[in-house]
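Written below as structure tokens is the structure these notes are about.
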Amino acid sequence: MDEVLLVNEVGPRDGLQNQKVLVARSDKLRLVRALVDAGVRSIEATSFVSPKAVPQMADADELFPLLPNAAQVDYSALVPNLRGLERARAAGVREVAVVLSATETMNQRNINMSLAQATAVCAETLQGAVGAGMRTKAYVAVAFECPFEGPVDPAIVLALVEQMVRAGAREVVIADTIGAADPRAVAKLMGRCAREWGADRLSAHFHDTRGFALANAWAAMEAGIRKFDSSLGGMGGCPFAPGAAGNLATEDLVLMATQCGFKTGIDLGLLRVAIALAEDLTHRKLGGRSAAWLDKQAQLQPVAGAV
Ligand code: COA
Ligand code: ZN
């Protein structure tokens with residue numbers, strides 16, 4: 001089998017936005033370069049949000065035009081509204097993502113809008129992006145459980161996905177923002193979404209709060225999903241969602257997918273180099289579930305690219 005699994009690296013956005021240390025633009029570029037060197041070809045690089053809401057992303061306008069290997073890498077950016085879209089367009093962004101949370105309270109906390117307002121703003125932003133010839137993605141956040149309102153009815157998620165698709169989202173990312181989903185819930189929801197809109201149109205975004213991220217990714221793979229968000233070293237969280245721990249670690253996803261016969265194009269040895277850099281930049285120990293095993297393999301074969 002050499003089926004492709006597409007890894008969309010979200011460390012530079014979802015990972016960094018939550019870090020206390022402000023990372024310099026030149027260091028962000030070094031991190032992205034290290035990811036590209038490791039073979040990553042799809043990266044959510046930044047967000048064009050209010051700098052007051054997320055100070056770490058305040059340099060998006062200057063950062064984006066400097067991203068390396070722009071012809072070979074699919075870079076995307078998150079935009080919360082038309083203002084963000086305009087900034088992204090001016091910076092040369094070719095793919096934007098909007099974020100719609102599935103509950104009232106989460107939209108309030110994240111973007112200061114009601115669910116209805118957020119749905120309308122996401123729809124107008126998507127339409128604007130399509131009009132500007134950009135590729136489009138919509139996140140449905142807290143798709144399984146909301147930190148404020150509890151479990152989310154799958155019927156609500158399905159309805160929001162439909163509205164985003166109608167508004168022009170080429171892809172919809174089902175996001176377990178606080179890492180509360182379990183494999184059975186994932187199989188059910190992703191299965192229903194895949195039957196409704198086709199697996200090609202969908203992607204999944206998991207957090208590892210309860211240690212289920214990899215199991216959830218496998219459940220989504222069984223439902224036919226072949227595109228996943230993940231973050232190097234599991235770096236991440238959400239500043240607006242209490243309890244959201246790190247993301248599904250890219251190295252865990254790549255290791256599992258590769259061992260199961262999928263191709264990701266990502267070299268784990270070189271990915272470890274990028275993770276070490278991210279640790280330096282954030283002053284934190286990073287690493288997914290496979291960290292100890294990968295370290296051991298690297299000691300046995302201390303050649304970059306060998307693991
Ligand atoms: N980029 C930069 N600045 C923006 C902006 C954008 N996309 N959208 C709004 N602003 C500015 C406004 O100009 C205003 O500036 P001022 O205070 O200097 O006048 C300020 O932000 C507030 O704007 P307002 O329209 O009143 O929005 P708000 O305060 O209700 O904030 C968002 C709404 C969406 C802009 C803000 O909540 C946000 O950026 N959230 C992003 C959250 C996020 O990134 N979450 C993680 C990803 S899931
Ligand atoms: Zn996330």
Side-chain angles (χ1 to χ4, degrees), residues 7-19 43-64 76-91 93 96-103 105-115 117-122 124-125 128-129 137-148 160 164 173-181 203-210 212-213 216-217 228-250 253:
V7 176
N8 179 45
E9 171 63 49
V10 297
R13 198 280 301 171
D14 207 6
L16 284 184
Q17 76 177 7
N18 204 38
Q19 306 304 313
I43 302 178
E44 191 170 88
T46 187
S47 58
F48 292 83
V49 298
S50 160
K52 283 180 200 151
V54 189
Q56 186 75 267
M57 299 291 128
D59 62 355
D61 312 73
E62 296 83 26
L63 177 92
F64 205 92
S76 61
L78 201 146
V79 295
N81 50 23
L82 287 175
R83 167 95 185 272
L85 177 66
E86 183 44 38
R87 286 175 58 202
R89 204 194 50 74
V93 177
V96 289
V98 299
V99 182
L100 177 61
S101 298
T103 66
T105 321
M106 191 61 210
N107 280 299
Q108 289 290 356
R109 300 293 173 106
N110 191 34
I111 52 175
N112 198 23
M113 294 174 206
S114 67
L115 176 56
Q117 277 173 317
T119 308
V121 168
C122 285
E124 74 175 1
T125 307
K137 230 196 263 206
Y139 280 89
V140 177
V142 297
F144 296 89
E145 191 172 319
C146 168
F148 309 105
L160 295 176
M164 293 298 95
V173 190
I174 304 295
D176 179 24
T177 310
I178 60 166
S203 170
H205 177 111
F206 295 114
H207 283 255
D208 208 17
T209 317
R210 301 181 190 186
F212 300 168
N216 288 339
F228 290 87
D229 282 1
S230 62
S231 175
L232 77 167
M235 175 172 68
C238 175
F240 307 98
N247 290 58
L248 166 63
T250 305
L253 178 65

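Below, each value reflects all heavy atoms present in this structure, side chains not excepted, and no hydrogens, waters or symmetry copies. Whatever order the structure lists them in is the order used to number ligands and atoms, beginning at 1.
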Working for side-chain contact (heavy atoms from CB on, under 4.5 Å), residues Asp176 and Asn216: CA-CA 10 Å; Asp176 179 24; Asn216 288 339; 4.3 Å; yes

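- Taken from CD1 in Ile111 to OG in Ser50, the straight-line distance is 12.0 Å, to the nearest 0.5 Å.
- The shortest separation from a heavy atom of Arg13 to ligand 1 is under 4.0 Å, placing the residue in contact.
- Proximity of a side-chain donor or acceptor of Arg210 to a complementary backbone N or O of Ala181 within less than 3.5 Å is not detected.
- Within ligand 1, the atoms closer than 4.0 Å to a non-hydrogen atom of Pro51 are 2 (C), 3 (N), numbered from 1 in the order shown.
- Rounded to the nearest 0.5 angstrom, Gln56 CD and Thr46 OG1 are separated by 9.0 Å.
- Checked for salt-bridge contact, Arg83 and Glu86 miss the test: no charged N lies under 4.0 Å from a carboxylate O.
- Heavy-atom contacts of Gly84 reach the following atoms of ligand 1: 7 (N) (cutoff under 4.0 Å).
- Among Arg83, Gln56, Met106, Met113, the residue whose heavy atom lies closest to atom 11 (C) of ligand 1 is Arg83.
- Contacts between Met57 and ligand 1 below 4.0 angstrom, taking non-hydrogen atoms only, are absent altogether.
- Computed with the Zn ion (ligand 2) at the centre, the His207 NE2 to His205 NE2 angle is 100°, stated to 10 degrees.
- Looking only at its N/O/S atoms, Asp14 has OD2 as the one nearest to the Zn ion (ligand 2).
- The structure places CE of Met235 at 9.5 Å from CG of Asp14, a figure rounded to the nearest 0.5 Å.
- Annotation for ligand 1: atoms under 4.0 Å from non-hydrogen atoms of Val54 are 43 (C), 44 (O).
- Side chain of Thr209 to main chain of Ile178: a donor-acceptor pair is present (N/O by atom type, distance under 3.5 Å, no hydrogens or angles).
- For ligand 1, the polar-atom distance check against Phe48 finds a nitrogen or oxygen pair separated by under 3.5 Å.
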Derivation of the side-chain contact (heavy atoms from CB on, under 4.5 Å) call for Val96 and Phe48: CA-CA 10 Å; Val96 289; Phe48 292 83; over 6 Å; no

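- A donor-acceptor pair is defined here as one N or O able to donate and one able to accept, closer than 3.5 Å; no such pair exists between the side chain of Ser47 and the backbone of Ala77.
- Backbone and side-chain nitrogen or oxygen atoms of Asn112 are examined, and one is located within less than 3.5 angstrom of a nitrogen or oxygen of ligand 1.
- Between Ser47 and ligand 1, no N or O atom pair is found at a separation short of 3.5 Å.
- Remark: among candidates Val49, Val98, Asn110, the nearest residue to atom 37 (O) of ligand 1 is Asn110, based on non-hydrogen atoms.
- For ligand 1, the atoms lying closer than 4.0 Å to a non-hydrogen atom of Arg87 are 1 (N), 2 (C), 6 (C).
- Between the OG atom of Ser203 and the CD1 atom of Ile174 there is a distance of 9.0 Å, given to the nearest 0.5 Å.
- In summary, the atoms of ligand 1 found under 4.0 Å from a heavy atom of Ile111, numbered by their order in the structure, are 33 (C), 34 (C), 37 (O), 40 (N).
- Counting atoms of ligand 1 from 1 in the listed order, those under 4.0 Å from a heavy atom of Ala53 are 38 (C), 39 (O), 40 (N).
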